Every structure is written in C-alpha cells, then in structure tokens.
Amino acid sequence: MSAIPTSPESHADGHDHDDHHGHGEHPFLAHHFDTPAQQFDSGKLGMWLFLATEVLFFGGLFAAYAVLRFKNPEVFAYSANYLDTIMGGINTCVLIASSLTMALAVRFAQTDKIKAMIVCLVLTFMGAIGFMVIKYFEYTHKIHDHLVWGPGFYTPPNEEVAMDVQTAPAEDVVAALPTFETAALAEASPVAAMYDMPPAEASVIAKAPVGPSGIADPAGEPVKAAAYPETAEEPAVKHLEDPRMPVGTHQFFAIYYAMTGLHGIHVVVGMIVIGWLIWKGLKGHFGSKYYTPVDLGGLYWHVVDLIWIFLFPLFYLIH
Amino acid sequence: MTLPPATFNALLATSDGATFWLPEAASTIAGETDFMFDLINWICYFFFALVTFLLVWFAWRYRQKSHSHEGFSAGPTHHTPLEVTWTIVPLIIVIVIFFMGFKGFLNFATPPRDTYDIDVVAAKWLWTFKYPNGASSDDLYIPSERPVRLVMRSEDVLHSLFIPQFRIKRDVVPGRYNQVWFQSDDPTGEDEQAAYDLFCTEYCGTGHSNMNRKVYVLEETAFEEWVTEQGQWLDAIPDEELYFKAGPKLFARCANCHSLDGGPNTGPTWKGLWDRSREGSTVFDDGTTLADHVGPGKEFATPEDYLRNSILNPGNHLVKPYTNAMPTFKGQLNDRMIDAIIGMIKNVDEFNADGSWKNAPAE
Amino acid sequence: MSAMHDQHAHADGEVHPLVGHLVPIRTLVLTGLTLLFLTVVTVAVRYVDVGEFNIVIALAVAVVKAVLVVLVFMHLLWDRPFNSLVLLGSIVFVVLLVGIAMTDTHMYRPSLYNGNAKTVQETLDSDAPYAPIAEDVTTGPIGS
Amino acid sequence: MTTLDLSRPGFADTPASDDYLKHGRGVLSWILTLDHKRIGVMYLVSVLVSFFIGGVFALLIRTELLTPGGTIMDADQYNQVFTLHGAIMVFLVIIPSIPAALGNFVLPIMLGAKDVAFPRLNLFSYWLWMFGAAFALMSLGMGGFDTGWTFYTPYSTTTSTGGVIPILTAVFILGFSSIFTGMNFVVTIHKLRPKGMTWFRMPLFLWALYATALIQVLATPVLAITLLLLIVERTLDIGIFNPAMGGDPVLYQHFFWFYSHPAVYIMILPAMGIISEIISVHSHRHIFGYRFIAFSSVAIAIFSFLVWGHHMFTSGQSALMNTLFSAITFSVAIPSAIKVFNWLATLYKGSISLNTPMMYGLGFIFLFTIGGLTGIHLGTLNVDIHLHDTYFVVAHFHYVMMGSALIAMIGGLHHWWPKMTGRMYSEKWGQIGFWLVFIGFNVTFFTQFMLGSQGMPRRYYDYLPEFQTYHVISSIGSYIMAIGFGVIAVYLLHSCYRGRKAPANPWGGRSLEWQCTSPPPYYNFKKTPTVGDCYDFSVVRWDEAEQGYVVDRSLDPSLREKPATGA
C-alpha cells in the first residue's frame with residue numbers, strides 16, 4: 001500500500017499524454033500539469049504528505065511504548081537483556097548503508113548514470129534482504145525461548161515445569177512462576193486488604209486447585225520486580241524460573257514484536273518498490289529528465305531507515 | 001457557586017422537585033450542577049432566539065423579487081470591528097462558563113476526608129456494593145447527611161455508575177480503581193418508589209440496559225441497623241440449613257444467567273447439573289468430559305470441588321456450548337456462601353423456578 | 001541538467017529553481033560514514049552505565065542521525081520549505097499524542113492496581129487536601 | 001444548449017457535446033475512469049446507498065424503542081443494529097460524503113484545474129473505499145458486531161460476535177481511502193492553482209476542503225494503527241489494551257479519540273464550506289468577512305487535534321487533563337460563532353432567492369446553532385458529568401453530524417445537481433422534501449435533549465417506563481424524516497430523466513464551476529482560466545435566452561488589473 005502514492009502520477013506519465021494536450025516536448029508530462037517542474041513538485045509534496053502519515057502511523061506505537069515503559073520501567077530494564085545489542089547494531093549499519101546506496105541511486109539517476117543507478121538499487125535491495133535475514137534469526141531464537149507476547153510467553157519450556165504448575169500451591173506458583181495472571185489476580189482483589197472481612201469459615205469442600213490460570217489467595221502478596229539485574233549478564237535460558245523476572249515482562253515483547261514487526265512489513269514493501277524501480281530502470285524508463293519514481297521510492301526507503309534509527313535505541317540500548 | 005438553582009428552576013418547576021429539563025436534585029453538588037445547566041440554557045435561549053430571528057427576518061426582508069440583478073453584491077463585504085466583537089464576546093462568555101464549571105468539577109472530583117467508603121464491584125451485568133463490615137447488597141444503600149465515597153472496580157469490561165438525581169457519573173474501569181463521592185440529604189427510606197435510580201452508562205453488552213438498580217438513602221440510625229443486619233445474616237444460619245435459607249437469597253444474582261427449571265439462558269441451567277457433575281458426564285468445549293478431570297490425583301478431588309472452581313474461575317473449563325460469559329465471584333462469595341450455592345445445586349428439585357424453597361413453612 | 005534549466009525558464013514563478021537538487025557524492029558518502037560512526041558510538045555507550053543518561057544519550061544520538069538522514073539523504077536541506085513543514089507538523093502531533101498519553105498515565109497511575117488496596121486508598125485520600133473546605137461542599141447549595 | 005460566451009475562459013472551443021457524461025460509454029469507461037467528476041459521481045452513488053442502509057438501521061432502532069423492553073428484536077440484535085448504524089453512518093457515509101463525493105466533483109473545477117493532482121490515486125482511493133465497504137458487509141455475514149462504533153476495549157476484544165475483525169479491517173481500509181483523498185486535495189490546492197487563483201481568491205469551500213484534507217492526512221493514521229493494534233489484540237492477545245494483561249483501556253480511548261475527534265471536523269468543516277457557498281451565491285451577496293471565515297476553518301482544524309479528551313471526562317482520565325481539554329474545547333466555540341454570524345451578515349441586504357439549496361443553507365444555520373450551543377453544556381466539566389453518555393449527547397451529535405453535516409451535504413447536492421447531471425429538479429418537490437426532513441429531524445432529536453438531561457442513558461435496549469412518551473415522539477419524527485428522504489430520492493432520480501435541461505449557471509454563481517457548461521466538459525478547462533473575485537456578483541446578469549445567469553466579465557475590474565500569481 002505504501003508504494004501507491006508514488007505510482008499514480010508516475011504511471012500517469014507513462015501513458016495517455018498523447019492527444020488533447022500540447023506537451024509533446026515533455027513525453028512524461030501528465031495532461032493535467034503545465035510543466036514538468038509542477039508535476040515533480042506535486043509528486044514530491046504528495047510523497048511528503050504520505051511520509052507524514054507514516055510518521056503518525058508509527059507515532060501511535062511510540063506512544064504505546066512510552067506509556068508501557070513509563071508504567072513499569074523495571075520490565076523494560078529487565079527484558080532488554082534478552083535482546084542482542086550487537087545483532088541490532090549490525091542491522092542498523094546494514095540499513096544505514098542501504099540508505100546511502102539509495103541516496104546515491106537518486107544522484108546517479110539525476111545525472112543519467114543509469115548503470116550506476118541500477119547497481120546502487122541492487123545494493124539497496126540486498127541491504128534490505130540482509131536486514132530481514134538478521135531479523136529472522138532474532139525472531140526464531142526468541143520464539144524458541146518462549147520470549148513472545150501474551151499467554152504464549154508463559155508456555156512452560158518443558159514437562160517438569162508443567163507438572164509443578166499443576167500441583168504447586170498458590171504461593172509457590174507465584175514465587176516460582178510469576179505469571180502476570182497470578183500476580184494480577186493477587187493484586188486484583190482489594191477487598192481483603194481494604195476491609196477486615198470476618199475470616200471465612202473452613203469449607204467442607206476441598207480447595208480448588210491453583211494453576212497458572214487458577215486464583216491466588218486474595219491475601220497473597222503481589223509479585224513485583226525483585227531488584228532487577230545490576231549486571232548486564234545474560235539471564236538463564238530458563239528465564240521462566242528467573243526469580244528476578246518482574247511482572248508483565250510479556251508486555252515488553254508485545255510492544256517489541258508490534259513495532260519491529262510493523263517496521264519489518266515496511267521493509268518488505270520497500271523491497272517491492274525497489275524491485276519495481278530496478279525493473280523499470282532496466283527497461284530504461286528513468287533519466288535526468290524523469291526520475292521522480294526513483295526519488296520518491298528513495299524518500300520512502302529513507303523513512304524506513306529513519307524509524308529504525310529510533311527503534312534501535314528504544315529496544316536494544318536500554319540499560 | 002452557592003446561588004440556589006431555585007432561582008431558575010422555579011420557572012419550570014414540576015411537582016416532585018424535578019424541572020422540565022432535569023430530574024429531582026438529591027445530592028449536595030446537584031445544586032451547583034443544575035445552576036450551571038440552567039445558566040447555560042438561558043445563554044443558549046438568548047443566542048438561539050437572536051440567530052433564528054435574524055435568519056428569518058433577513059431571509060424574508062431581502063428575498064429576491066425577480067431575476068433582476070439590483071441588490072447584487074450590495075452591502076459591505078466585511079466590517080472588522082463588528083467581526084472582532086462577535087469574536088471577543090463569545091470568548092469572554094465561554095471563559096466564564098469554563099471557570100464556573102471547573103470549580104464545580106473540583107467539588108465533584110475531590111472527596112472530603114471523612115467519607116463513608118463503599119466498595120463497588122461491577123460485572124456483567126450486576127453491581128455489588130460492599131460495606132465496611134463485610135455486608136454486601138445489589139442495590140445501593142447509603143446513610144443520609146454523610147459524604148459517601150464509592151471505590152469502584154470492574155471484573156470484566158467498562159461500566160459506568162450514574163445516579164441522575166445526584167448528578168454524578170464515573171466509569172468503572174477494569175485494572176484500576178475509580179472513585180466517586182457524593183452526599184445526599186434527602187432520605188428515601190426503603191420505599192422503592194421514592195428510591196433514586198442507578199444506571200450503567202458505559203455500554204457493556206446484552207444486559208447493559210438492565211444493569212440499573214435503586215439507591216436507598218437511609219437515616220443514619222436506620223442505615224446502621226440495616227448494615228449490621230446485612231453483615232450478620234449468614235452467620236445466624238446453621239450449616240445444614242444453609243442451602244435453603246441462604247441459597248435463595250444468593251441465587252437472586254445467579255438468576256441473571258442460570259435457570260432452575262431447565263429453561264434456556266446465558267449459562268447452563270442448574271436442573272440436572274448435579275447429576276451430570278456426579279456422573280462426570282459434563283462435556284467441555286475442548287472435547288473432554290468432567291470424568292477426565294475428577295478423581296484422586298486429577299485436577300479436582302470431588303465434583304463439589306469442580307463446582308466450586310467453576311464459581312471462582314469460570315473460565316477454566318467451558319461447558320459446551322456456552323461462552324466464557326460468567327464473571328469470577330472470587331472475593332465476593334466466602335466459603336459458606338459457596339457451600340450454600342452448591343447445596344442448592346444439589347437439591348435443585350426442592351426449589352421453585354423463582355428460587356424460592358418449596359418446603360418453606362407458610363407464614 | 002541543462003535540459004532542466006530551460007524548463008524552468010518557462011515554469012511559473014512558484015517553481016523551485018532546480019527540479020531536484022544534485023547532492024555531491026562526497027557529501028552523501030561522508031553523511032553515510034558519520035551515521036555509521038554514530039551507530040558505533042551509541043552502541044559503545046550502552047555498555048557504560050551512566051544511569052538515567054543512557055536513554056538520553058541514545059535518543060540524542062538517534063535524533064542527530066535522523067536529522068542527517070532527513071536533511072541530506074532526503075534533500076530537505078534544499079527542498080521546498082513546505083515539505084519540511086509537513087514533516088515537522090507530523091512530528092509535533094506525535095509529540096502531542098505521546099506527551100498527553102504519558103502525562104495522563106502519570107496522573108492516574110496511583111489509581112491503578114498496585115497490589116495493595118490500602119495504599120490506593122491512601123493515595124486517593126491524599127487528594128483531599130486540595131478539596132474545597134469540607135463544610136462548603138457537604139452543606140452545599142441545597143444541602144442546608 | 002448554452003449560448004457560447006467567448007468571455008468565459010476556455011469554452012469557446014469546447015464542443016457542447018463533449019461533456020464528461022458522454023465522453024466515454026460503457027461500464028469500463030466509468031469504473032476505470034481517471035476523471036475526477038466521474039469518480040465524484042461514483043462516490044456519491046455509493047455513499048447514498050450506504051446512507052440508505054444506515055437509515056434503515058436507524059428506523060429499526062427507533063421502532064424498537066417505541067416500547068420499553070422488546071418490541072421487534074432482542075437485546076443482542078439491538079446492540080448490533082445500533083452499532084451498525086453508527087459505524088456505517090460515520091465511516092461509510094458522513095466522512096466520505098462531502099470531501100470524496102462533492103469535493104471530488106467540484107474542487108478541481110472551482111480551482112480552475114483540469115483534474116486533481118493524482119488521478120490514479122483518486123481512482124484507487126475510491127476502489128479502496130469499495131473494498132472497505134465489502135469488508136463491512138462481510139462482517140455482517142460473519143455474525144455482525146456489537147461493540148458500538150467506538151470499539152472500546154476490553155469489550156471489543158472479548159465480545160463473542162464474529163464480525164469484529166472484518167469491521168476493524170474495513171475501517172482500517174476506509175481510513176486509507178480517506179487519507180489518499182486528503183493527500184490528493186492538499187497537493188491539488190497547493191500545486192494546481194492557475195494564475196490569478198491566489199489563496200485569498202479561493203472559494204471558501206476550497207479553504208474548508210483544504211483544512212479538512214489536512215486533518216484527514218494527519219489524524220487518520222493514528223486510527224489506523226489503533227485498529228491494527230486492536231486486531232492484533234483480538235487475534236494474538238498482545239495485551240496492550242487488555243487490563244487482564246496489564247494493558248490500559250483508557251490508553252485505547254486516548255488513541256481512538258485522537259483520531260475520532262478530529263474526524264468530527266472532517267465531517268463538519270466541509271459542510272461549513274458548502275454553506276458559505278450556498279449562502280453567498282443564493283443571496284447574490286459577497287460573503288461577509290471572507291478572511292475571518294477562511295482562517296476560522298484552519299483554526300478549527302488545528303483546535304480539533306487538541307480537544308479529544310473531552311470524550312473522556314468520566315473515564316478516569318486525570319483531573320488535570322479534564323481541565324485542559326475542557327478549556328481548549330471551549331476555544332472551538334469561537335470560530336464556529338464567527339462563521340454563524342458571518343453567514344447572517346451575508347444575508348443582510350442580499351438579494352435572496354429562497355430556492356431549495358438556500359432552504360438547506362438556512363436550515364443548516366438553524367440546526368448548527370442548536371448543535372453548537374448544546375456543545376457548551378457538554379464542554380462544561382460538571383454539567384458534562386451529568387450529561388455524558390446520555391441521550392443529550394446523542395441529540396447533540398446528531399444535530400451536528402446529521403443536522404449540520406448531512407443537511408449541508410444534501411444542500412450541496414441540490415446546489416450542484418444541475419452541474420452534475422445537467423438537469424433541473426422540481427423546485428416544488430424540493431421545498432416539500434426539505435420541510436419534511438427539517439421538521440422530522442427536529443421532532444426526532446430535540447426530544448432526545450430532554451430524554452438525556454432527564455437521565456436516560458444511551459445505547460439502552462430497555463428503558464424505564466417514564467421515558468416512553470419522549471421515545472414515541474422521537475420515533476414518529478424519524479418516520480417523517482424517512483418520508484422526506486424518500487421524496488427527495490424520487491424527485492432527484494426523476495429529474496435525471498425528465499428534468500428540464502440545466503443552464504450553465506442556474507443560481508447566478510460566480511466561481512469557476514458556474515462558468516463551464518452543465519454538465520462540465522471532459523477536460524474542465526482547455527487552457528487554464530484567469531480568475532476574478534468569485535464573490536463579486538455585481539457582474540452577474542440574468543439571461544432570458546438560456547434561462548440562467550451569465551457573467552459579464554467586461555464589468556469586472558478585478559479581471560482588468562494584472563492578476564497576482566498564486567503563492
């Protein structure tokens with residue numbers, strides 16, 4: 001979808017400009033424009049407006065990130081240890097490099113160096129592929145460790161833990177397996193804490209078992225973060241038993257996947273656009289007289305880079 | 001704003017203290033709200049009359065007689081002083097209104113220190129009001145001439161507590177406490193006609209429009225009696241009589257979704273529920289039957305245990321074909337209450353469809 | 001380029017003197033290298049603990065990088081001012097959204113479940129001092 | 001058909017036959033057209049069809065509410081019906097109605113451009129709209145949805161109705177359709193103004209569309225991402241809005257209203273633009289205080305981003321935010337007041353022809369005054385505490401969204417109908433239709449003000465018996481309104497076939513669209529025209545020959561002086 005705003009008038013230039021207007025000297029000029037300059041400016045303004053929408057589109061996610069991190073900083077400080085700064089850094093460099101080649105491509109298009117332009121576009125394309133490959137490795141590794149959003153985050157890594165979950169009494173579960181659910185429920189019952197209700201008589205019926213989805217005893221102490229790691233050392237792979245894990249760690253991964261995922265989608269769209277540019281370029285569509293699509297495609301690609309420039313510190317450089 | 005609303009309300013007063021626009025005012029902040037409402041009304045009446053008059057008058061006075069062009073583009077194209085005037089005047093008016101409304105809002109938003117706190121739990125689609133002594137009720141009972149604060153939370157989705165006669169409203173948001181305070185000096189007694197209305201004003205699904213209750217304002221002493229009586233009613237009942245003495249009272253809340261006579265409803269009927277549970281023939285949406293879960297070493301020691309768990313964690317096992325619509329009653333029912341309900345489920349045949357006990361001695 | 005120039009001859013007054021600006025390759029490459037360098041720097045800083053300032057530094061660097069990309073790679077330095085205005089506008093609105101969402105969260109944070117209803121009660125109570133004098137409210141207009 | 005007036009720019013050499021309706025034939029020439037006029041017409045048809053569907057749901061609601069408890073449906077069906085009514089009317093009807101339908105048709109002609117800046121993008125956004133509409137229909141097939149058009153969490157993420165995800169997708173897609181239209185308009189107005197069409201010579205409708213387009217571009221993306229998060233929340237449980245997982249429902253409301261409040265101005269701003277045109281043209285009087293009106297449009301556009309929190313006064317939003325938002329909300333009252341008074345001043349000493357479009361214009365001022373004034377009640381903090389989520393709010397926003405936005409849309413439709421179809425509709429029936437709608441509307445919604453202030457909450461399937469009288473009156477009003485719209489539909493359709501041929505300039509308009517033939521030629525302007533003062537009617541003359549007005553440009557001083565170039 002993102003590529004759309006560039007295509008219309010760039011297509012428009014391709015066709016239906018023969019009859020009904022006297023712009024013969026500008027083969028790429030659409031009938032409703034007076035001068036190529038006007039057309040170029042329009043395309044550019046249109047693209048910038050679209051980029052503005054992209055900024056706001058991600059803006060929503062940035063706001064969500066800000067609020068979540070603001071609410072429970074310990075979660076972010078803790079979870080960031082699961083992200084590989086080096087991989088992230090490499091990815092940043094790859095993306096910046098591809099951004100540079102893109103800028104060069106535009107420059108070569110402006111100066112009719114079509115071969116060089118194609119080479120740069122191909123390099124950009126490969127940069128995109130590299131980025132996605134590295135992302136793929138990051139994702140798979142995390143998913144393997146159950147470092148995902150929501151309930152999936154709490155899937156016990158192996159059978160024994162699953163057993164414990166089934167049979168352990170509430171307090172132990174809360175201690176050994178501080179799921180957001182038990183914690184939330186423990187917190188969620190103000191009654192006992194707020195008023196001194198008469199102690200409930202012992203029931204003739206056995207207590208209901210307490211599992212991950214069971215209820216904790218309302219009086220149970222809430223599980224908030226123990227002191228989060230002073231050192232940046234990697235936590236145990238069996239992170240589910242990590243006693244230092246703060247409540248709601250899953251939220252970090254929720255927003256992490258949301259933001260990097262959406263960015264990833266944009267990278268893929270960018271690859272499609274660049275691919276299209278390469279194809280058109282090979283067919284000799286572009287030159288100093290007409291390179292709007294290259295220019296606009298470039299703008300889009302730079303924004304993809306731009307967003308990553310902010311995602312990187314927000315996720316990988318948390319301390 | 002201590003100017004009594006009577007000044008304006010008198011003009012449109014109807015019998016029961018309600019006005020043409022507003023219902024009866026029964027809380028201490030209502031006066032201020034009504035005053036603002038009426039003040040704004042009169043401002044609106046004025047400007048509305050002004051605009052409409054000019055509109056009709058001009059439209060008639062300057063209507064085009066023929067196609068002739070005389071009068072085309074006559075008159076001034078702009079008149080800056082005039083335009084500045086009708087920019088400034090409304091500005092001043094709204095600034096004043098804002099500050100008056102803001103002051104009223106502060107009174108609404110900040111409770112005094114010595115409030116009588118009531119804990120409110122909203123769930124689809126019932127309210128539970130819990131009083132400091134552990135008593136709880138479905139309708140709201142408050143002492144008169146004393147500031148009351150409701151500390152509200154929701155078990156499931158957004159709800160909103162609205163008492164028109166008090167002019168107060170506050171959303172009940174899951175995951176947090178919202179508070180609202182008010183004081184009423186007009187006791188209603190336990191008379192349902194006189195009692196005030198309490199609505200849910202945040203859309204919450206099927207039962208949204210039936211999530212309304214009554215508000216009873218009792219004299220200090222009457223309230224004390226009521227609340228102590230409510231706090232102790234359960235203790236008075238011996239265990240073996242629990243299910244038919246306490247059961248029907250508790251069933252009133254279950255009745256929203258469960259029938260006793262096998263009638264269809266949001267949740268499973270209680271008729272035959274015990275037999276199914278004992279045989280373990282209940283089928284869950286994951287295809288397993290209850291038999292797979294009950295027994296030594298299994299999830300539930302006994303069928304009762306399963307029933308208890310279904311009241312506390314309804315989401316654990318969903319009975320086909322029902323959805324996960326039931327709120328948890330954890331923290332709302334203590335063990336004896338749960339015993340009473342389970343007892344009632346066991347002896348469901350002893351009860352009429354309305355929950356009353358068949359063998360009750362006729363008084 | 002010359003072809004372009006004479007197009008502008010008969011383009012109307014509001015058109016930019018150049019259709020697109022030619023950025024010297026050297027400038028582009030230098031910018032790219034600076035960006036890479038900054039990346040290395042910010043990664044390095046991550047391993048030095050300066051407490052609160054880590055995030056500040058990281059974001060500051062990110063902003064510098066962003067500005068470079070926007071001005072040079074995206075030609076905004078030589079482009080029509082209105083395009084910059086569009087970008088700035090969008091950023092302003094993002095800041096608005098983030099700012100207000102955060103402020104509000106901060107304000108109502110005490111009322112979120114935090115494990116102990118008593119503390120919630122106390123926090124709610126702590127608002128009371130800001131309330132108008134109790135008498136004034138409790139014996140309000142129609143109260144007395 | 002019309003006397004060729006060489007003084008009119010660009011038409012001396014336009015064969016009268018080459019109007020956009022006859023330019024190409026066959027379905028393909030429509031669904032693949034790049035002509036902004038045809039795209040506008042296609043939008044118009046689609047929007048009106050959606051309006052019919054939404055209207056049917058409205059009647060179902062009013063009928064259900066005739067009696068307390070069940071009348072013709074059960075609670076769940078009712079919840080679905082009012083949700084559908086809201087979602088369809090907001091996302092499929094009002095938002096695209098004026099900008100996409102009328103705006104597409106009128107904007108380039110008024111501006112003196114041959115087309116919008118990106119014709120293909122324009123067509124694409126239309127088909128995007130159709131695609132979104134298809135998803136909306138699909139959601140019906142998949143069990144409908146009962147979330148309310150606001151999709152508040154956690155209800156929307158937990159409800160069992162099956163159509164929630166399709167409708168979210170639909171709104172997401174419709175959002176992008178709206179974004180692309182907005183981009184198109186901004187670029188068109190910036191880059192395609194011909195010589196002489198300076199910013200302050202633009203008709204006010206264009207100013208309004210420009211302000212609207214800015215909102216569309218800057219606000220809609222936030223809605224898009226919010227709905228995306230909601231979809232993910234519902235499918236993958238990411239728990240950003242779900243309190244059970246530490247998420248925050250109030251955050252959702254912030255996100256949602258960050259778009260949806262500006263959206264209200266996406267609806268009302270272009271309506272105000274239309275009214276400025278109608279009032280000025282039909283009273284043949286230079287619009288009063290052009291600059292104040294133009295700037296007030298932009299002011300409203302900017303304010304619209306700063307007031308979203310006034311939908312959340314009772315939600316648990318912090319007191320500080322409530323105060324700020326309430327304060328800023330009042331500031332919106334100022335530009336609105338300016339516009340109303342300027343319109344009144346325009347009538348003063350005019351030569352007012354009270355024909356159908358003008359009746360809608362005057363009706364708009366009446367209804368918008370009520371809608372705007374009741375906004376003061378709701379902006380006032382402590383009064384809103386009582387009125388929030390009651391029928392008072394329902395009445396208020398119907399006065400603004402329907403009584404103002406849609407009435408203006410119908411008015412604009414009558415205003416430009418001759419230009420679109422080249423036919424005149426029956427004036428007599430036009431008047432009848434207007435009065436039916438106008439009276440029906442007030443009966444329906446004014447009663448709801450009393451319902452609300454008396455404490456009747458909105459979205460109620462069942463209600464206390466004492467409210468019944470009001471509900472019955474309100475329902476009767478809605479039936480009157482329905483008849484009114486029926487009448488309008490009939491005579492408009494009839495005019496397409498039997499209507500008298502329309503002159504180029506039936507009302508005596510001065511802006512450019514009245515200076516090309518009705519219907520306009522395929523290429524609006526052969527060579528871009530020079531522009532006079534589009535509100536100077538002193539040079540407009542009645543021409544018996546063509547039963548319409550003509551512009552005698554020799555009388556216009558502003559055309560003799562050298563026109564300034566557009567900024």
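All figures in this text were calculated on a predicted structure; none of them were measured in a lab. Here is how names work: the chains are called A, B, and so on, in the same order as the sequence lines, proteins then strands, and each is numbered from 1.
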Self-check item: Residue among B:T33, B:T77, B:T201 with most heavy-atom pairs under 4.5 Å to chain D
Solution: B:T77
Quiz item: Checking heavy atoms, do the side chain of D:I338, its backbone, both or neither come under 4.5 Å from chain B?
Solution: both
Self-check item: Residue D:Q77 versus chain B: region with a heavy atom under 4.5 Å
Solution: neither
Quiz item: With only heavy atoms counted, which part of D:T390 is less than 4.5 Å from chain B, the side chain, the backbone, both or neither?
Solution: side chain
Quiz item: What residues form a salt bridge (Lys or Arg N to Asp or Glu O under 4.0 Å) with B:K214, not counting sequence neighbours?
Solution: B:D197
Quiz item: Does D:R459 make a cation-pi contact with D:F82 (under 6.0 Å, within 45 degrees of the axis)?
Solution: no
Quiz item: Do B:Y203 and D:N79 come within less than 4.5 Å of each other through their side chains, counting heavy atoms only?
Solution: yes
Quiz prompt | Closest-packed option against chain B by number of heavy-atom pairs under 4.5 Å, given D:A337, D:S315, D:S538 | solution = D:S315
Quiz prompt | Exam field: side chain D:S326 to backbone D:N322, donor-acceptor pair closer than 3.5 Å | solution = no
Practice problem: Side chain from CB out, backbone as N, CA, C, O: work out which of these in B:F48 comes under 4.5 Å of a heavy atom of chain D, or both, or neither. | Solution: both
Self-check item: Proximity breakdown for B:F108 and chain D, heavy-atom pairs closer than 4.5 Å
Solution: side chain
Quiz item: Which region of D:L387, side chain (C-beta onward) or backbone (N, CA, C, O), has a non-hydrogen atom less than 4.5 Å from a non-hydrogen atom of chain B, or is it both or neither?
Solution: both
Exercise. Please flag which part of D:S331 lies under 4.5 Å from any non-hydrogen atom of chain B: side chain, backbone, both or neither.
Key: neither
Quiz item: Out of B:K169, B:H79, B:R63, which one racks up the most heavy-atom pairs below 4.5 Å with chain D?
Solution: B:K169
Quiz item: Looking at side-chain heavy atoms only, is the closest gap between B:F37 and D:H386 below 4.5 Å?
Solution: no
Quiz item: Does the D:T83 side chain pair with the main chain of D:G148, one donor and one acceptor, at a distance under 3.5 Å?
Solution: yes
Exercise. Against chain D, work out which of B:S160, B:P90, B:G205 has the most heavy-atom pairs shorter than 4.5 Å and name it.
Key: B:G205
Quiz item: Looking at B:I93, B:V56, B:I97, which has the largest count of heavy-atom pairs under 4.5 Å with chain D?
Solution: B:I97
Self-check item: Part of D:F368 lying under 4.5 Å from any heavy atom of chain B
Solution: neither
Exercise. Find the one option among D:A75, D:A345, D:S351 whose heavy-atom pairs under 4.5 Å with chain B are most numerous.
Key: D:S351
Quiz item: Checking D:V340 against chain B: side chain, backbone, both or neither under 4.5 Å from a heavy atom?
Solution: side chain
Practice problem: Specify which of B:D156, B:L54, B:L158, B:T80 makes the most heavy-atom pairs with chain D at under 4.5 Å. | Solution: B:L158
Practice problem: Could you look at D:L354 and say if it's the side chain, the backbone, both or neither that has a heavy atom under 4.5 Å from chain B? | Solution: side chain
Quiz prompt | Side chains of D:N382 and B:E32, donor plus acceptor under 3.5 Å | solution = no
Exercise. Taking all non-hydrogen atoms of both residues into account, name the closest pair between B:K124 and B:H159 and its distance.
Key: N-NE2, 3.8 Å
Exercise. Can you tell which part of D:P249 gets under 4.5 Å to a heavy atom of chain B, answering side chain, backbone, both or neither?
Key: side chain
Self-check item: chain B contact via D:A333 - side chain, backbone, both or neither, heavy atoms under 4.5 Å
Solution: side chain
Quiz prompt | Contacting moiety of D:Y152, where chain B heavy atoms sit under 4.5 Å | solution = side chain
Exercise. Check whether any side-chain heavy atom of B:I92 lies under 4.5 Å from a side-chain heavy atom of B:I95, and answer yes or no.
Key: no
Quiz item: Can D:Y155 and D:D146 be counted as having a side-chain donor-acceptor contact under 3.5 angstrom?
Solution: yes
Quiz item: If you count heavy-atom pairs under 4.5 Å between each of B:E202, B:M211, B:R61 and chain D, which one has the most?
Solution: B:E202
Quiz item: Considering residues at least two apart in sequence or located in another chain, which fulfil the salt bridge (Lys or Arg N to Asp or Glu O under 4.0 Å) criterion with B:R213?
Solution: none
Quiz item: Which region of B:L50, side chain (C-beta onward) or backbone (N, CA, C, O), has a non-hydrogen atom less than 4.5 Å from a non-hydrogen atom of chain D, or is it both or neither?
Solution: side chain
Practice problem: With a 4.5 angstrom heavy-atom cut-off, could you sort out which part of D:S353 is near chain B: side chain, backbone, both or neither? | Solution: both
Practice problem: Below 4.5 Å from any heavy atom of chain B, which atoms of D:R458 appear? Answer side chain, backbone, both or neither. | Solution: backbone
Practice problem: Examine whether an atom of B:N41 lies under 4.5 Å from a heavy atom of chain D, and if so say whether it belongs to the side chain, the backbone or both; otherwise answer neither. | Solution: both
Exercise. Please flag which part of D:N342 lies under 4.5 Å from any non-hydrogen atom of chain B: side chain, backbone, both or neither.
Key: both
